[in-house]
**Student:** 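Below are the structure tokens for one structure; questions will follow.
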Number of protein chains: 2
Amino acid sequence: MSQELNERSRKILEAIIEDYIDSAEPVGSRAVTRRHQMGLSPATVRNVMADLEEMGYLLAPHTSAGRIPTEKGYRFYIDSLLRVRPLTLTERQRIEQHYHLKGRRIEDVLQEAGKVLSSISHYTGLVLAPRFTSTVFRQIEFVRLSEGRILVIFVSESGLVQNKVIETDERLAQSELEQMTNYLNLTLSGLTISEVKAKILEEMRQEKALYDRLLKKALEFSSETFGEEEGGQVYIEGAVNILEQPEFTDIERMKRLFRAFEQKSLLVELLDAAQKARGVQIFIGSESEYSEIEGCSLVTAAYTGRGGNVGTLGVIGPTRMPYNLVIPIVDYTARLVSKVLEVDS
Amino acid sequence: MSQELNERSRKILEAIIEDYIDSAEPVGSRAVTRRHQMGLSPATVRNVMADLEEMGYLLAPHTSAGRIPTEKGYRFYIDSLLRVRPLTLTERQRIEQHYHLKGRRIEDVLQEAGKVLSSISHYTGLVLAPRFTSTVFRQIEFVRLSEGRILVIFVSESGLVQNKVIETDERLAQSELEQMTNYLNLTLSGLTISEVKAKILEEMRQEKALYDRLLKKALEFSSETFGEEEGGQVYIEGAVNILEQPEFTDIERMKRLFRAFEQKSLLVELLDAAQKARGVQIFIGSESEYSEIEGCSLVTAAYTGRGGNVGTLGVIGPTRMPYNLVIPIVDYTARLVSKVLEVDS
DNA sequence: CGTTAGCACTCGACAATATGGAGTGCTAAC
DNA sequence: GTTAGCACTCCATATTGTCGAGTGCTAACG
């Protein structure tokens, strides 16, 4: 049964999937022969289609409708049939022009990337910001906010700024804070956050009977600052775009998806998983056990900073998606963002 | 024609509006007499309803349906009929419990406020963050990112952190940056941003033939930093909540609203306008000429910081909204946020 | 033996039609 | 001024019929 597909079946499967991507409607045998003249009669195509259905690549919504691809069908299409179309010059330019602005903060670059992805693909753009822990320490500042509340500002090598409020009983003058700042900046500069954590722990252990109150406090503070794992920040841009797709006339489905957007954690997980890989990756809806994004696909690519892959960006849309267009868009954007980040740091 | 409404008409109008808020369906004369026994027959109520329709408070979607309130009806209801129900103790506690966490950044407090607003009201929570310009300067820091790119970090009195990248041809050592920092922190501390701007301009003019290169550079930088008006940051929480409302089964309408959410500028405008007022304000949909939020209402209240009203928060939902519940929620949240911010600073 | 024409059949989409119920406005009586 | 009664309107819903697209099967064909 599950033998290889011969050339003809593959051609027909490809035709059906591409027609379906275009039209969002079940594709009949007739339509296949008409739009892609391949010297076959509808009847023959029907036979092949029946086989493809048997093998699980296609699915008929009801007896007398055409066929639509199953996820297995899409998967096969993506892995074996798809030929991506390289971007034209104007397309590349259209993407590029958004990155020429000077003096951009990283956050702005990432958000802009999301917007561009969404506006060019007509789906929803996703960008997972670099993990706090994967960045390199550059500078720390303490600002006394009020009695017992101190604002910690932390700048990474690449210019990401994080801040956090910590509380303390101790009364510290601004000048004392400055001393602490100097000490920490000297000690920690150039380390990754993971290394920073380790270093702090080590210092704290080593100097158990800490003679210097300020030093002790400084270590405590930074321990508190770097202790918690930040849940990755994710930019979701153009969420409404996706609603233009006919699959989202189903309101319930739409709500599920938007709940997932609002919660973010699911997307973070998916994007995080995709970060390890090289090149463009494609998740198909329920391959990922999350019912919220049923019927959707993610096309993602990691972008690089100083320390290899630091974040992920991509597009989410219906599984019925022109992958041959979206893939190069995502790919190119990832390269572009990588370039911008690398130049910056 | 447009004479005063007598007691009876007002009672009936109130009953209709409240029933409609409950049911989201046109209210008939029968229903009014049944649910609020007021010693009148349906026929009499019908007569009154006809009058109310004539006067523009009600509207019949079609010949043989009940009546629904017009915007004029809602407006009258809100201004003259509504009695808000004070929050119960448990409700207050339910709101409060989200603000007990220590060591919160302002951004977190505001976002949390939005979430609470949305989850308690079942609509969408909105919070307009304090305007950059309305905050008080506390501290500035420069961090050299790379050749010619400098990260400026600015902390307001209340602990808001903003950052920005500026570019320069000049090569500046970190030590020089520190000098600049000291100078600016000394000069500008305690001023509002508007005052900071003025001050910088003045200094620049006064010391036209600036002897000190660094000082000049410092002023230039801060001028660049504070020059641009930041578009107010707005938190939109629980946008999906609003979709549970029956008025948003209309997909087109929903899309319009979500586009407005995505764009934010419209909301910023509305919230900004509401910031001047004291107490709870209510905008009714098309009173505001923006078709995107047609059929929606905003219930807002300004919250205060050090300098009077610094931001606005509220709820957006369908005009058919239980104002008597939502108003105290918004009111109480605004007070709470104000308290948190004032304590902090 | 693979391919194709022909045909009966299935099913959804859509329009036309009927039915019921909720609610109204009007009129006449109280 | 209030109310019962009644004819009327209109929507919502279900029912039915029709049309077209598409299928699977079978038999014929090269």
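Protein chains get the first letters and strands the later ones, always in sequence-line order, with residue 1 at the start of each.
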**Student:** Is there a side-chain hydrogen bond (donor to acceptor under 3.5 Å, both in side chains) between A/Tyr323 and A/Ser297? Walk through the geometry before answering.
**Tutor:** CA-CA 10 Å; A/Tyr323 296 96; A/Ser297 286; 2.9 Å; yes

**Student:** Taking B/Asn324 for the side chain and B/Arg83 for the main chain, is one N or O donor matched with an acceptor at less than 3.5 Å?
**Tutor:**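 Side chain of B/Asn324 to backbone of B/Arg83, a donor-acceptor pair under 3.5 Å: no, none is there.
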
**Student:** Is it true that, when you exclude B/Arg92 itself, more than 12 heavy atoms of the residues, nucleotides or ligands shown sit nearer than 6.0 Å to its CZ?
**Tutor:** yes

**Student:** Please give, in whole Å, the distance from D/dT23 P to A/Glu54 CD?
**Tutor:**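 Rounded to the whole Å, the gap is 16 Å.
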
**Student:** Can a side-chain donor-acceptor contact be found between B/Tyr332 and B/Glu91 if the only test is distance below 3.5 angstrom?
**Tutor:**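 B/Glu91 vs B/Tyr332: no donor-acceptor pair found between side chains.
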
**Student:** Name the nucleic acid region contacted by B/Ala65, choosing base, sugar-phosphate or nothing; use a 4.0 angstrom heavy-atom cut-off, strictly under.
**Tutor:**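 Counting heavy atoms under 4.0 Å across all strands, the contact made by B/Ala65 is with sugar-phosphate only.
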
**Student:** Could you list by number each residue of residues 21-42 of chain A showing a heavy-atom separation from DNA chain C of less than 4.0 Å, or answer none if no residue does?
**Tutor:**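 Contacts with DNA chain C under 4.0 Å: A/Gly39, A/Leu40, A/Ser41.
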
**Student:** With sequence neighbours excluded, what pairs up with B/Thr333 under the side-chain hydrogen bond (donor to acceptor under 3.5 Å, both in side chains) test?
**Tutor:**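 None.
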
**Student:** Which atoms of nucleotides 13-22 of chain C (N or O only) lie under 3.5 Å from a protein N or O atom, and what are those distances?
**Tutor:**
none

**Student:** Is there a donor-acceptor contact under 3.5 Å from the side chain of B/Thr312 to the main chain of B/Ala274?
**Tutor:**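 No; judged by distance alone, with no hydrogens or angles, the pair does not exist.
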
**Student:** Please list, chain by chain and in numerical order, all residues satisfying side-chain hydrogen bond (donor to acceptor under 3.5 Å, both in side chains) with B/Arg253, sequence neighbours excluded.
**Tutor:** none

**Student:** Got a sec, which residues hit side-chain hydrogen bond (donor to acceptor under 3.5 Å, both in side chains) with A/Arg259, two or more places apart in sequence or on another chain?
**Tutor:** B/Glu244

**Student:** In this structure, how many angstroms lie between the P atom of C/dG23 and the CD1 atom of B/Ile68, rounded?
**Tutor:**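 Taking atom P of C/dG23 as the reference, CD1 of B/Ile68 is at 14 Å.
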
**Student:** Report the residue from B/Glu53, B/Glu54, B/Glu25 that forms a salt bridge (Lys or Arg N to Asp or Glu O under 4.0 Å) with B/Arg67.
**Tutor:**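 It is B/Glu53, the one option of B/Glu53, B/Glu54, B/Glu25 that forms the salt bridge (Lys or Arg N to Asp or Glu O under 4.0 Å) with B/Arg67.
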
**Student:** Could you spell out the base pairing of DNA chain C as a dot-bracket line? Use Watson-Crick and G-U wobble contacts where both distances are under 3.5 Å, [ ] for crossing pairs, | for partners on a different strand.
**Tutor:** ||||||||||||||||||||||||||||||

**Student:** For the pair made of CZ in A/Arg46 and C1' in D/dG24, what is the distance, rounded to whole Å?
**Tutor:**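 Going from A/Arg46 (CZ) to D/dG24 (C1'), I get 8 Å.
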
**Student:** Apply ring pair (Phe, Tyr, Trp, His ring centres under 6.0 Å) to B/Tyr235 and list each qualifying residue two or more places apart in sequence or on a separate chain.
**Tutor:** none

**Student:** Is there a donor-acceptor contact under 3.5 Å from the side chain of A/Thr319 to the main chain of A/Gly295?
**Tutor:** yes

**Student:** Taking atom C1' of C/dT24 as reference, at what distance in whole Å does atom CD of B/Glu53 sit?
**Tutor:**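 After rounding, the reported distance stands at 10 Å.
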
**Student:** Provide, to the nearest angstrom, the distance between the CG atom belonging to A/Leu52 and the P atom belonging to D/dT23.
**Tutor:**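 The distance from CG of A/Leu52 to P of D/dT23 comes to 12 Å, rounded to the nearest Å.
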
**Student:** Reckon B/Thr44 has a side-chain N or O less than 4.0 Å from the OP1 or OP2 of D/dT3?
**Tutor:**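 Yes, such a contact exists.
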
**Student:** Spell out, as yes or no, whether a donor-acceptor pair under 3.5 Å connects the side chain of A/Thr70 to the backbone of A/Leu59.
**Tutor:** no

**Student:** Examine B/Tyr77 together with B/Tyr74 and report whether their ring centres are nearer than 6.0 Å.
**Tutor:**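 B/Tyr77 vs B/Tyr74: aromatic centres not under 6.0 Å.
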
**Student:** On DNA chain D, does the nearest nucleotide to B/Arg8 precede the nearest nucleotide to A/Arg67 from the 5' side, or the other way round? Give the residue.
**Tutor:**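 It is B/Arg8 whose nearest nucleotide is closer to the 5' end.
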
**Student:** Would you please test B/Thr124 and B/Val315 for side chain to side chain contact (heavy atoms under 4.5 Å, CB included) and show each step?
**Tutor:** CA-CA 6 Å; B/Thr124 299; B/Val315 161; over 6 Å; no

**Student:** Listing time: all N or O pairs from protein to nucleotides 28-30 of chain C that are below 3.5 Å?
**Tutor:**
none

**Student:** What nitrogen or oxygen pairs link the protein and nucleotides 26-30 of chain D at under 3.5 Å?
**Tutor:**
none

**Student:** For A/Ser41, enumerate each residue passing the side-chain hydrogen bond (donor to acceptor under 3.5 Å, both in side chains) test, keeping only those at least two apart in sequence or located in another chain.
**Tutor:**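 Once residues adjacent in sequence are excluded, the partners of A/Ser41 under the side-chain hydrogen bond (donor to acceptor under 3.5 Å, both in side chains) criterion are A/Thr44.
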
**Student:** Tell me the salt bridge (charged side-chain N to carboxylate O under 4.0 Å, His left out) pairs involving residues 315-329 of chain A, sequence neighbours left out?
**Tutor:**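 Sorted pair list: A/Glu247-A/Arg320.
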
**Student:** Salt bridge or not between A/Lys115 and B/Glu262? Use side-chain N to carboxylate O under 4.0 Å.
**Tutor:** no

**Student:** Where along nucleotides 14-19 of chain D does protein come under 4.0 Å, by heavy atom, of base (B) or sugar-phosphate alone (S), with - for untouched nucleotides?
**Tutor:** ------

**Student:** Answer yes when A/Asp19 and A/Arg34 have at least one side-chain N-carboxylate O distance shorter than 4.0 Å, and no when they do not.
**Tutor:**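 Looking at A/Asp19 and A/Arg34, the cut-off is not met.
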
**Student:** Can you tell me how far C1' of D/dT23 sits from CE of A/Met49, to the nearest Å?
**Tutor:** 9 Å

**Student:** Is the shortest side-chain N/O distance from B/Thr63 to OP1 or OP2 of D/dC10 below 4.0 Å?
**Tutor:**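 Affirmative; the distance criterion is met.
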
**Student:** Which whole-number value in Å describes the distance from A/Asp51 CG to D/dC25 C1'?
**Tutor:** 14 Å

**Student:** Hey, is A/Glu252 close enough to A/Lys255 for a salt bridge, meaning N to O under 4.0 Å?
**Tutor:** yes

